Structure formats: C-alpha cells, structure tokens
Amino acid sequence: DDLESLAAAVDGTDSVVAFTGAGISAPSGVPTFRGDDGVWDRFDEGQFEYGRFQRDPAGFWEDRLELQAVMFDEEYEPNAGHVALADLAAEGILDGILTQNTDGLHREAVRSVTDADGGDRRTDADSETPILELHGNSQRVRCVECGQRQDNDTITERVEDGEVPPRCECGGVYKPDVVLFGEQLPATVLQRARSLTRESDVFLAIGSSLVVEPAASLPRIANSTGATVAVVNLEATPCDSIADVRCREDVTEALPRFRDAVDP
Ligand code: OAD
C-alpha cells in the first residue's frame with residue numbers, strides 16, 4: 001500500500017516530520033474538536049476566547065473546568081500511534097513532532113519509549129527530536145503577570161474549592177498555558193515549526209482536520225518546498241488534493257505499519 005511504499009522509500013538521510021491533531025489522541029479517549037460528538041458541538045468557542053478571559057477571568061475558569069471535565073475526564077495514555085512516532089524519534093528517523101494537541105501525550109510516549117529502552121536512546125531532553133506543542137500544554141497554567149508556571153491539577157483543585165479566578169502569589173491571574181481563540185501562537189515555536197516543515201523531505205499530516213491555521217498551511221508549505229506529503233486521516237481533508245499519499249485509516253493501525261516498514 002501507499003504508506004508502506006512511502007516508508008520503504010524513506011532514506012536514512014531524509015528528514016521526516018510528523019504533524020498531528022486531535023485524531024491521534026482520539027483512540028486514547030480524548031475527544032476531537034469537530035465531527036460527531038466534537039467538543040465544539042458541546043461548547044461555544046466564544047467561551048474560550050482570549051478576550052473573554054481578559055474581560056471575565058472568573059467566568060472563563062468556571063467554563064474551563066467544564067471543558068476539562070469533558071476533554072480530560074480520565075487518565076488517558078499514549079496509544080499505538082503516539083508510540084510508533086516515539087519509536088521513530090528514538091531511532092533518529094523523525095526530525096520533529098509538531099502537534100496542535102495540548103494533552104502532552106507525545107511527550108509521555110517519548111518518555112516511555114526511552115525508559116523502556118534503559119534510557120540509552122534519544123530523548124526530547126537531548127532535543128534530537130523536538131516536540132513542538134503549537135497550542136501549548138493543558139497540564140500547565142501560567143501567571144499572566146510574572147509568567148510563573150504551575151501544575152494545572154493543583155490550580156484546578158483551587159478553582160474547585162472556590163478560588164475563581166485563581167491567582168499567583170504576585171496577584172496575577174493564572175491562565176491555562178494554551179493558545180486561546182484570538183490569541184497569537186508563540187512566534188518562536190511557530191517559526192521553528194515552519195522551518196522544520198520547509199526542511200522536511202517527508203511530511204506526515206496525522207489526525208487533523210487541517211482547517212485552522214497553522215494546520216491549513218503547513219502541509220502546503222511542505223508541498224511547495226518539495227516534500228512528499230502524506231495525509232493520515234479517517235476522513236477526507238482540504239489538503240488531500242496536494243497530498244502524495246492519502247491514508248484513510250485509524251492512526252493506531254497506520255502509524256505502527258509505517259514504523260515497521262521504515263528501514264532505520
Ligand atoms: P479536529 O477535531 O478538527 O480534527 C480531528 C481529525 O482527526 C478529523 O479530521 C478526524 O477525521 C480525524 N480522526 C479522528 N479519529 C481518528 C483516528 N482514530 N485516526 C485517524 N484520524 C482520526 O482536530 P484538530 O485538527 O486537531 O485549537 O483541530 C485543530 C485545532 O482546532 C485544535 O488544536 C483546537 C481546535 O479549535 C485550539 O484549541 C486553539
């Protein structure tokens with residue numbers, strides 16, 4: 001099949017970059033944003049706009065607790081898709097994992113693969129394979145005044161105990177360390193993502209509807225700079241027309257097959 005042929009053609013010197021969206025975490029139990037039962041069917045995007053946070057941080061945090069209860073209601077773990085990418089990273093084949101997800105599952109998978117290996121393979125700490133979380137990380141919050149970071153679980157408990165909005169010792173309000181609607185993506189992370197994309201020989205767009213920025217343009221940048229673009233998704237996407245390989249398959253089947261077919 002196409003994905004296996006692509007894997008077989010990957011040369012050791014090729015730069016392979018994976019770009020992921022909510023679909024890679026769906027088999028772990030994290031809901032997607034769009035489609036049946038999507039998060040944006042149950043919530044209004046306006047509740048989570050940056051402007052709303054600034055105007056009404058207390059109301060924002062109350063809604064945020066409900067969103068967290070839906071999105072991260074259980075202990076979720078990396079699935080075979082995350083693990084396949086972590087294996088490719090450990091083998092030095094992946095040059096970057098770029099993700100729109102804020103669930104931290106790519107980091108966990110890379111950690112678990114490294115631990116299982118006795119720690120002698122590459123880790124993200126070596127920054128051999130950067131994991132770029134373009135939309136931030138839901139496991140952390142950040143003070144809008146002094147920038148201090150805290151564990152989201154700790155702050156969530158304080159909100160549940162009635163501290164709305166939760167505040168840092170400096171008096172500043174804590175904000176989830178994620179990119180809200182109407183908020184700019186961190187410029188340096190975005191620049192790095194774009195340059196890894198331009199330098200890639202193989203660009204895999206995995207489990208994303210590819211309708212919002214920067215997802216809508218990264219596969220096109222890869223295509224315009226000569227990369228072979230593969231779209232792995234259960235459904236058609238707007239980037240299928242520029243894709244060299246279209247794989248309509250569950251990530252937990254497609255990605256292990258791709259990994260097994262790549263010759264390190
Ligand atoms: P979406 O919910 O828009 O798209 C998820 C995609 O994954 C869909 O195209 C599904 O067909 C596909 N999919 C679902 N399960 C799959 C599986 N098991 N195997 C393969 N594909 C599967 O999620 P994103 O594209 O990540 O932004 O959404 C992008 C951004 O929009 C999110 O980061 C979020 C949202 O608003 C912010 O919160 C800033």
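Numbering of ligands and ligand atoms starts at 1, following listing order. None of the values given here were measured: they were computed from a predicted structure.
Side-chain atoms of R246 come within 3.5 Å of backbone atoms of D240 as a donor-acceptor pair (strictly under, hydrogens ignored).
The shortest N or O to N or O distance between N101 and ligand 1 is not below 3.5 Å. Every N/O-N/O distance between F181 and ligand 1 stays at or above 3.5 Å.
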Check: How far apart are the C-alpha atoms of E108 and S112, what are their side-chain angles, what is the distance that settles it, and do they pass the side chain to side chain donor-acceptor pair (under 3.5 Å) test?
Finding: CA-CA 6 Å; E108 254 175 66; S112 70; over 6 Å; no

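Across all non-hydrogen atoms, the minimal contact from L134 to V179 is O-CG2, 3.7 Å. Residues K175 and Y50 share a closest heavy-atom pair of CE-CE1, 3.9 Å.
Under a 4.0 Å criterion applied to the non-hydrogen atoms of D250, ligand 1 contributes the atoms 18 (N), 19 (N). Counting atoms of ligand 1 from 1 in the listed order, those under 4.0 Å from a heavy atom of G207 are 5 (C), 6 (C), 7 (O), 21 (N). Taking every heavy atom of V212 and a limit of under 4.0 angstrom, the matching atoms of ligand 1 come to 29 (C), 30 (C), 31 (O). Close approach of ligand 1 to V179 (heavy-atom distance below 4.0 Å) involves ligand atoms 39 (C). Within ligand 1, counting atoms from 1 as listed, the ones closer than 4.0 Å to a heavy atom of G21 are 26 (O). Every atom of ligand 1 is numbered from 1 in the order shown, and the set under 4.0 Å from a heavy atom of L234 is 15 (N), 16 (C), 17 (C), 18 (N), 19 (N), 20 (C), 21 (N), 22 (C). Set against the non-hydrogen atoms of A22, the atoms of ligand 1 under 4.0 Å away are 23 (O), 24 (P), 26 (O). Applying the 4.0 Å criterion to heavy atoms of P27 picks out, from ligand 1, the atoms 18 (N).
With respect to atom 19 (N) of ligand 1, the closest heavy atom belonging to the protein is V251 N, 3.1 Å. Of all protein heavy atoms, the one lying nearest to atom 4 (O) of ligand 1 is S209 N, 3.3 Å. Protein heavy atom nearest atom 25 (O) of ligand 1, with residue, atom name and distance: S208 OG, 2.7 Å. The single protein non-hydrogen atom nearest to atom 12 (C) of ligand 1 is N233 OD1, 3.3 Å, given as residue, atom name and distance. With respect to atom 28 (O) of ligand 1, the closest heavy atom belonging to the protein is R34 NH1, 3.1 Å. Of all protein heavy atoms, the one closest to atom 36 (O) of ligand 1 is W40 NE1, 3.0 Å. In this structure, atom 32 (C) of ligand 1 lies nearest to the protein heavy atom F33 CE1, 3.5 Å. Closest protein heavy atom to atom 14 (C) of ligand 1: G23 CA, 3.6 Å.
Residues F19 and Q100 form a side-chain contact, since some pair of their non-hydrogen atoms from C-beta on lies under 4.5 Å apart. Between T129 and V110 the shortest side-chain heavy-atom distance does not fall below 4.5 Å. Side-chain atoms of V262 and V16, non-hydrogen and from C-beta on, never get closer than 4.5 Å to each other. Two residues are said to be in side-chain contact when any heavy atoms from C-beta on lie closer than 4.5 Å; E183 and F53 fail this criterion. Annotation: side chain of W61 is in contact with side chain of V141 (closest heavy-atom distance under 4.5 Å). A 4.5 Å side-chain heavy-atom check between V30 and N101 finds every atom pair outside the cut-off.
The distance from atom OG1 of T20 to atom NE2 of H106, rounded to the nearest 0.5 Å, is 3.0 Å.
With a 6.0 Å radius and a threshold of 12 heavy atoms from other residues, nucleotides or ligands, E169 has its CD atom at or below the threshold. Counting non-hydrogen atoms of neighbouring residues, nucleotides and ligands closer than 6.0 angstrom, the CG atom of D161 exceeds 12 such neighbours. No more than 12 heavy-atom neighbours from other residues, nucleotides or ligands sit within 6.0 angstrom of CD on E77.
Distances shorter than 4.0 angstrom do not occur between any heavy atom of G35 and any atom of ligand 1. Using a 4.0 angstrom heavy-atom cutoff, A215 does not count as in contact with ligand 1. The shortest heavy-atom distance from F48 to ligand 1 is not under 4.0 Å.
Only the side chain of A26 comes within contact range of ligand 1, with a heavy atom under 4.0 Å; no backbone atom does.
For atom 37 (C) of ligand 1, the nearest non-hydrogen atom from the set E235, E45, H135, Q100 comes from H135.
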